[in-house]
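In this text, all values refer to a predicted model and were calculated from it rather than measured experimentally.
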Amino acid sequence: MSILIIEAFYGGSHKQLVDLLQEELEDCVLYTLPAKKWHWRARTAALYFFQNIPISERYSILFASSVINLTELVALRPDLGKLKKILYFHENQLVYPVKKCQERDFQYGYNQILSCLVADVVVFNSVFNMESFLTSIGKFMKLIPDHRPKDLENIIRPKCQVIYFPIRIPDVSRLEAVCCGCYPLCPKDLVYPEIFPAEYLYSTPEQLSKRLQNFCKRPDIIRKHLYKGETASFSWAVLRGKFRSLLTTESREDL
């Protein structure tokens, strides 16, 4: 039996992850769309894959990023709806930065909530990503003028888990830089507190400025510093087993 991997935005971290899974795991079949015009990918990718993924009885698991509207796909392709469906969140549209609240398109976040409801397993790349999504569902649904759905967070949460993005993948990121000997200095916000110890975090621009001034006066602090956190839990050596366990054949009745 095969793992069907679908990536509607085949670029950046999305591409890196599915390429790694296809390289490292046995019998993966990958279908993609180029990484451009993500708004249109989110709106229409399900229809494209509906027509371009051949019907096959060899698939047991479907793995897709949250760009695709999974609800539309399994409605169009009931054969895929029977598989163990895993939805992976690189980012979520309930808190993804926009200039003004009015500019947030309701449909993108709504599609991701629907996709979670039809998925069997929902995976996030950080605790921050997971909690910011789940705890925003109630407020987000209040934008609906009437007949609002209830308790969606409680329905979705039990099927959620966190598997970090593996740092074996080449990436211009702080964590990757730390592995190469750099000193991290990050805001005490977003995902950073779950990755870096408190001494590498700042709370205000004033704190950042003070730390940088001190480093300029005493560059030896940086040059001689040995990182006091740990990076092993973010390595592919550790995460490989978690992804393998996630992508094992398991009947939906056992989920």
Side-chain angles (χ1 to χ4, degrees), residues 3 5-25 28 30 35 61-68 70 84-97 112 115-116 119-136 153 156-201 227-248 250 255:
I3 301 167
I5 301 177
I6 298 174
E7 181 49 70
F9 194 79
Y10 189 56
S13 63
H14 294 236
K15 180 180 186 301
Q16 292 168 351
L17 179 59
V18 296
D19 283 353
L20 180 60
L21 294 179
Q22 189 177 40
E23 173 190 341
E24 293 283 342
L25 304 178
C28 294
L30 177 62
I61 294 172
L62 188 160
F63 180 94
S65 76
S66 61
V67 173
I68 195 169
L70 188 60
K84 176 185 175 182
K85 298 176 293 298
I86 301 167
L87 190 69
Y88 191 88
F89 276 76
H90 293 264
E91 60 281 313
N92 78 76
Q93 292 301 317
L94 300 193
V95 298
Y96 198 82
Q112 289 190 331
S115 294
C116 288
D120 298 300
V121 183
V122 182
V123 184
F124 293 84
N125 64 354
S126 70
V127 175
F128 169 80
N129 195 13
M130 180 177 72
E131 290 299 328
S132 65
F133 179 81
L134 293 172
T135 58
S136 296
E153 178 185 345
I156 295 171
R157 183 177 285 276
K159 63 176 77 175
C160 294
Q161 61 178 277
V162 172
I163 302 182
Y164 288 102
F165 190 80
I167 59 172
R168 173 182 179 269
I169 296 172
D171 182 35
V172 184
S173 68
R174 286 173 172 84
L175 192 55
E176 193 77 19
V178 167
C179 293
C180 296
C182 294
Y183 186 103
L185 189 55
C186 309
K188 193 176 182 180
D189 196 9
L190 304 174
V191 71
Y192 300 116
E194 67 185 273
I195 297 177
F196 298 109
E199 70 174 273
Y200 301 108
L201 306 176
Y227 180 61
K228 298 177 183 178
E230 63 91 18
T231 59
S233 60
F234 304 99
S235 69
W236 177 243
V238 171
L239 294 175
R240 185 177 188 273
K242 294 185 177 182
F243 275 104
R244 289 188 68 90
S245 178
L246 177 71
L247 296 169
T248 54
E250 183 178 10
L255 296 172

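- Within the 4.5 Å cutoff, side-chain heavy atoms of C116 are placed close to those of F89.
- Expressed to the nearest 0.5 Å, how far CG of L21 lies from CZ of R240 amounts to 10.5 Å.
- In plain terms, the two heavy atoms of P187 and P193 that are nearest each other are O-CD, 4.5 Å.
- Between G229 and P197 the shortest heavy-atom distance is CA-CG, 3.7 Å.
- Within a 6.0 Å sphere centred on NZ of K159, other residues, nucleotides and ligands contribute more than 12 heavy atoms.
- Side chain of K15 to backbone of E7: no donor-acceptor contact under 3.5 angstrom is found.
- Contact between K84 and T248 at its shortest, heavy atoms only, is NZ-O, 3.4 Å.
- Side-chain atoms of Q161 do not come within 3.5 Å of backbone N or O of V121 as any donor-acceptor pair.
- The line from CG of L201 to CG of D189 is 10.0 Å long, rounded to the nearest 0.5 Å.
- Residues S66 and L87 come closest through the heavy atom pair CA-CD1, 3.8 Å.
- The shortest distance between side-chain heavy atoms of R157 and T135 falls below 4.5 Å.
- How far CD1 of I6 is from CG of L62: 4.0 Å, rounded to the nearest 0.5 Å.
- A heavy-atom distance below 4.5 Å is not found between the side chains of V238 and P166.
- In this structure, CZ on F63 lies 10.5 Å from CG on L30, to the nearest 0.5 angstrom.
- Shown here for F165 and H90, the closest heavy-atom pair between the two residues is CE1-CE1, 4.0 Å.
- Between E91 atom CD and Q93 atom CD the span is 6.5 Å, to the nearest 0.5 Å.
- Y227 and Y200 have tilted rings, their planes meeting at an angle from 30° to 60° on a 0 to 90° scale.
- Judged by distance alone, with hydrogens and angles left aside, the side-chain atoms of S245 form no donor-acceptor pair with the main-chain N or O of K242 at under 3.5 Å.
- With no hydrogens or angles considered, no side-chain donor-acceptor pair links N125 and Y88 at under 3.5 Å.
- Between F133 and F124, the ring-plane angle classifies as tilted under the 30° and 60° cut-offs.
- Counting all heavy atoms, side chain and backbone alike, A119 lies closest to L70 at CB-CD2, 3.9 Å.
- Between the side chains of S132 and N92, at least one donor N or O lies within less than 3.5 Å of an accepting N or O.
- To the nearest 0.5 angstrom, L247 atom CG is 7.0 Å from C28 atom SG.
- L185 is not listed as a side-chain neighbour of F196, based on a closest heavy-atom distance of 4.5 Å or more.
- The aromatic rings of H14 and F9 lie perpendicular to each other, with more than 60° between the two planes, well past the 30° mark.
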TODO: Evaluate side-chain contact (heavy atoms from CB on, under 4.5 Å) for L20 paired with F243, printing each intermediate quantity in order.
DONE: CA-CA 11 Å; L20 180 60; F243 275 104; over 6 Å; no
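- For the pair E194 (side chain) and S126 (backbone), a donor-acceptor distance under 3.5 Å is absent.
- Inter-residue side-chain proximity for L239 and I163 is flagged as met; some heavy-atom pair is nearer than 4.5 Å.
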